[in-house]
Each structure stands twice: as C-alpha cells, then as structure tokens.
There are 2 protein chains.
Amino acid sequence: MTTASDKAYAEIRGLILSGDASPGTPLREEALADIVGVSRTPVREALKRLESELYAVRTPGGRLVVAAWDGDDVAEIFALRAMLESHAAARAARRLSPAAIAELRACNADLQAAIAGHEPDIARFLAANRAFHDLIISGSASGRLATMLAGLVEQPIVRRTATRYDRSDLQRSATEHDQLIQAFTARDSDWARAVMAAHIHRALHAFRTAS
Amino acid sequence: MTTASDKAYAEIRGLILSGDASPGTPLREEALADIVGVSRTPVREALKRLESELYAVRTPGGRLVVAAWDGDDVAEIFALRAMLESHAAARAARRLSPAAIAELRACNADLQAAIAGHEPDIARFLAANRAFHDLIISGSASGRLATMLAGLVEQPIVRRTATRYDRSDLQRSATEHDQLIQAFTARDSDWARAVMAAHIHRALHAFRTAS
DNA sequence: GTGAGTGGTTTTGTATACAAGAGCGGCGCA
DNA sequence: TGCGCCGCTCTTGTATACAAAACCACTCAC
C-alpha cells in the first residue's frame, strides 16, 4: 500500500463524493497537498487517476475541475456496467471454482441478513453487494475487465441508488444474486450473462423512478 | 501537447510494441529517463499510464515489467472492443451530424484509395481505419467510452491483424465501413451496432486463421 | 466606452535531492 | 555442501526547487 498516493486519492475522491467539492470546483494541486498533508507529487498522481476515472475534467488550459454528471451520464454509466459486468458474469460462469461459488453464497447470505431486520442495514447491504460483484469480476480472470470496471465510477451511483431502494427492491437484489449463483453452479454462461444484465438494468430503472 | 510526458509515453510504448522490450523485461525508471532524455518525473507518469493500459504489469515488489499476452488475452481484447465499439456505433447513429457522416465517407474513400493500387499501402490503410473508428467514438459523445477504448490496447493487435490481411480482407473492411455509413445515414442504431460487432468479430477471425 | 495589449500572479510541468524498502549476493554456520 | 542470515546496492516513493505557461486585471489607446 503506497500510503501517500493512495491516501491522497481516497481523500480527494471523498471530497468530490461528499459534495464538499461541487462540480466545477477547481482542483489545485498545492491546495490539495496542504489539505491531505502530503506533497504535490502524490497529489498529482491521485489527480491523474481521478481524471482518468472522469471524476474530474481538464479545462483547455490544463486546469482540473470537478466533473458534473447529468442524467444522460448516469444512464451511460449503467449501460456500460451492464455490458461489462454481464461479460464478466459469462466468463466467471466458465471459470468459478466450487469454493468461489461457496464464497458467493456466503456473501449473499450476509446481504440477506443485512435486509432481514426491522430496519435494513444499508451500509452492510452495500458492502455485501460490492463484495459479491467484486468476487464475480475477479472470477472472470480478466485484468482488462477488472481495470475498466474499477475505473467506472460506480460507487456514488450505487450508493445513491441503494438509498432510494425500498425493501422490495433490496429483496429483489438478493433474489437475483441467487439466480446468478444458480447459473454459476450450472456453468451456464448465457444464463449468467442474462441475469446480470437484467440485474443492472433493473437498478437503473429503480434509480430513475426513485429520482 | 505536454512534451516530456507524452514523449516518454510514446517512446516507451514504442519500445514495447517494436519488441525491443520483450515480455518480462523490467522497466526501470531511471534507465528509461536516460533513453528518452527526460527526468524520472514524466517517465513515472508514462509508466503509470502504460500500466493502466496493461502494457506493463507490476511485480509483488512494485517493479514494472513488460506484460505478456497469450491467445486468450487477444480474444478477450477483441471481445471487449466488439462490445464497446458496437455500443459507440449505436450511440453515434443517434448523434452523428450530416457533416460528421460526410467526414466518415471521406475517410473511407481514403481507405479505399490506400488499397486500390497494385500494392496496398498498409500504413495508409491503418491510418484511415484508425481515423474512421476514432470519428465514430468521438461521435458517440461519451467520454467514458472514449477513455475505455483509448485504454484498450488495440494498436498492436490492429497492426498485427492488418499485416496478415490479404487483399480481400482489406476490401471487406471497406465494404463494412460503407455499411456502417449507411446505417448512420439511416440513423438506425441497431443496424450500426450489428455491423460494427460483425466487423470486429471478423477481424478476430482473420487474426486467428492467419496466425 | 470598449477593446486589445501587457504586466504581475497563480498554477502546472519538470528536474533533482533525499528516504525507505526490496532484492541479491556473500558470508557463516550446521 | 547446503541453508539461512545479514549487509549492501539498486529501485521506487516522496519532497522540494525551479521553469514555463496560463489566467487575470489593469491600463492605455482609439
């Protein structure tokens, strides 16, 4: 863990996601270095990464500002995630070991536990959901896919979506995860692809109708 | 153009693609800085970029080495390109202006001129092909898509594929580009998506049978 | 009053110096 | 002779200093 650089990345991204740095806010290297408590060098690396993940955009003159997303951007992000994660699911269906599938099962059990109580534990749901999807991506054994999906700004969307979920939506996620596990167990890549595509498209729908 | 950093990127990538730096070769920052003639700082940025594009991989200890690709990697790259560029074509079909379509037409005319002579001009073909695809990607008006496709290591594949093309394959590319232009003119995004998918899958096939 | 030119100021880009960690070889011991 | 430990060197990570370019505002001319 390269402390300084990763710390700068995490902190600056936090500023953006929390809204402390609203769209259009300039991201000046020295100011951020002061905030984070490191020098400009690791801040520069963090900013390059945030730029490549489109959290920030560069003005004609080379200045970085926080990027703004509109509804079309959100739809595009979901469309890309649907394509790439469906592909990951299809690959994973051919590659996942029984042990990995067992891990997925455990993960989804945790997810269901998170929403079983009187008041759903959203943070725990999100963590389990994230772990579930990450397991599939790493199970797809494609470095390229992993890189691309990591770069896809997803967390803010996932968070905003989940906070808008009602209980039936959350339950539905768990059910769809179960279907994925069935498809994996059957080693049926087409099935896995279809379920994953439906899963993510439904999330977009939930996001749209809730906002 | 930020000279030093981009220059380092281009030169180092050149070393990798030309084979001067074969898979497994360590990429040491200071040595590369000497070769390129800049300091370690821009070299570091170039290496980060090459790493994110998977031209290089990091060893457990943090050293960078040139990445090795096998047949499965090549297939995966084509599969991802097929998905993403089809999506780009579909989006472009809904967005391209008549002027942009005219540009595509001119571009494909150039491509056809490159292969019309007695001896096909491969370099010119590749440049025109690249320009054609880039126009579509920028026409899709999705920064995310553009970033991802830029990051997808494609040039080496394209080059290796085209050198294996026989004349009928080259001609076929031109024809498929014409079909894309027709689909764009008709503003038919499904048609455009299908043609692009076929176009890239055929390229994979040509690559496989020729190697 | 408006526009362009020009200076200062701010901000990024590059180079270098320093610190910390990893790999490697030699040496000693069993 | 083989294995493990220790110290050295080499490499990367971070900080800082310097150069160049961009933005801004002010002024001056028309």
Side-chain angles (χ1 to χ4, degrees), chain A residues 1-16 20-68 143 146-147 150-151, chain B residues 1-16 20-68 143 146-147 150-151:
Chain A
M1 174 177 55
T2 27
T3 16
S5 195
D6 288 345
K7 182 183 170 195
Y9 172 79
E11 273 196 50
I12 297 169
R13 205 185 66 160
L15 288 177
I16 296 174
D20 281 349
S22 54
T25 306
L27 295 166
R28 283 173 290 108
E29 295 174 0
E30 196 154 352
L32 293 169
D34 287 344
I35 293 173
V36 178
V38 298
S39 88
R40 270 183 59 209
T41 310
V43 167
R44 268 181 80 78
E45 290 190 0
L47 288 177
K48 277 255 174 188
R49 197 171 150 198
L50 290 165
E51 183 193 354
S52 80
E53 293 172 3
L54 292 177
Y55 284 101
V57 294
R58 200 165 283 275
T59 67
R63 262 79 167 172
L64 270 184
V65 298
V66 177
T147 302
Chain B
M1 175 174 60
T2 25
T3 16
S5 195
D6 287 344
K7 182 185 171 193
Y9 171 79
E11 273 196 51
I12 298 169
R13 204 185 66 160
L15 288 176
I16 297 174
D20 281 348
S22 54
T25 306
L27 294 166
R28 283 173 288 108
E29 295 173 0
E30 196 155 350
L32 292 169
D34 286 345
I35 293 173
V36 178
V38 298
S39 88
R40 270 183 58 209
T41 311
V43 167
R44 266 181 82 78
E45 290 190 359
L47 288 177
K48 276 256 172 186
R49 197 170 149 197
L50 290 164
E51 183 194 354
S52 80
E53 293 172 2
L54 293 178
Y55 284 101
V57 294
R58 202 164 282 275
T59 67
R63 263 80 164 170
L64 269 185
V65 298
V66 177
T147 301

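- Within the nucleic acid shown, Leu64(B) has no heavy atom closer than 4.0 Å to any nucleic acid atom.
- Nearest nucleotide to the side chain of Ser39(B), out of dT16(C), dT12(D), dT10(C): dT16(C).
- Here the options are Val57(B), Leu50(B), Ile16(B), the test is side chain to side chain contact (heavy atoms under 4.5 Å, CB included), and the partner is Val66(B); only Ile16(B) passes.
- The separation between Glu29(B) atom CD and dT14(C) atom P is 15 Å, rounded to whole Å.
- Between dC10(D) and Arg28(B), no contact under 4.0 Å exists linking OP1 or OP2 to a side-chain N or O.
- Contact detail for Pro23(A) and Ala68(A): the closest heavy-atom pair is CB-CB, 3.6 Å.
- Here Leu47(B) lies out of heavy-atom contact (under 4.0 Å) with every strand.
- Listed nucleotides: dG13(D), dA15(C), dT14(C). Nearest to the side chain of Ala4(B): dT14(C).
- Between Arg63(A) and Ser5(A), the one whose closest nucleotide on DNA chain D sits nearer the 5' end is Ser5(A).
- Contact between the side-chain N/O atoms of Arg44(A) and the OP1/OP2 oxygens of dG13(C) is found at a separation under 4.0 Å.
- Here dT16(C) is the nucleotide among dC23(D), dT14(C), dT16(C) with the atom lying nearest to any side-chain atom of Arg40(B).
- When the nucleotides dT14(D), dG23(C), dT12(C) are ranked by their closest atom to the side chain of Pro42(A), dT14(D) comes out on top.
- Protein atom NZ of Lys48(B) is 17 Å distant from nucleotide atom P of dT14(C), rounded to whole Å.
- Taking the salt bridge (charged side-chain N to carboxylate O under 4.0 Å, His left out) definition, one finds that Glu30(A) meets it with nothing, sequence neighbours left out.
- Counting all heavy atoms, side chain and backbone alike, Ser5(A) lies closest to Ala46(A) at O-CB, 4.1 Å.
- Between Thr59(A) and Gly37(A), the residue anchored closer to the 5' end of DNA chain D is Gly37(A), taking for each the nucleotide with the nearest heavy atom.
- Taking every heavy atom of both residues into account, Ala56(B) and Leu64(B) meet most closely at CB-CD2, 4.1 Å.
- Remark: C1' of dT12(C) and CG of Leu27(A) are 13 Å apart, rounded to the nearest angstrom.
- Side-chain proximity of Glu30(A) to dA15(D), dG13(D), dT12(C): nearest is dT12(C).
- Separating the NZ atom of Lys7(A) from the P atom of dT14(D) is a distance of 11 Å, rounded to the nearest angstrom.
- Of the side-chain N and O atoms in Thr41(A), none sit less than 4.0 angstrom from OP1 or OP2 of dT14(D).
- When the C1' atom of dT12(D) is taken as reference, atom CG of Leu32(B) falls 13 Å away, rounded to whole Å.
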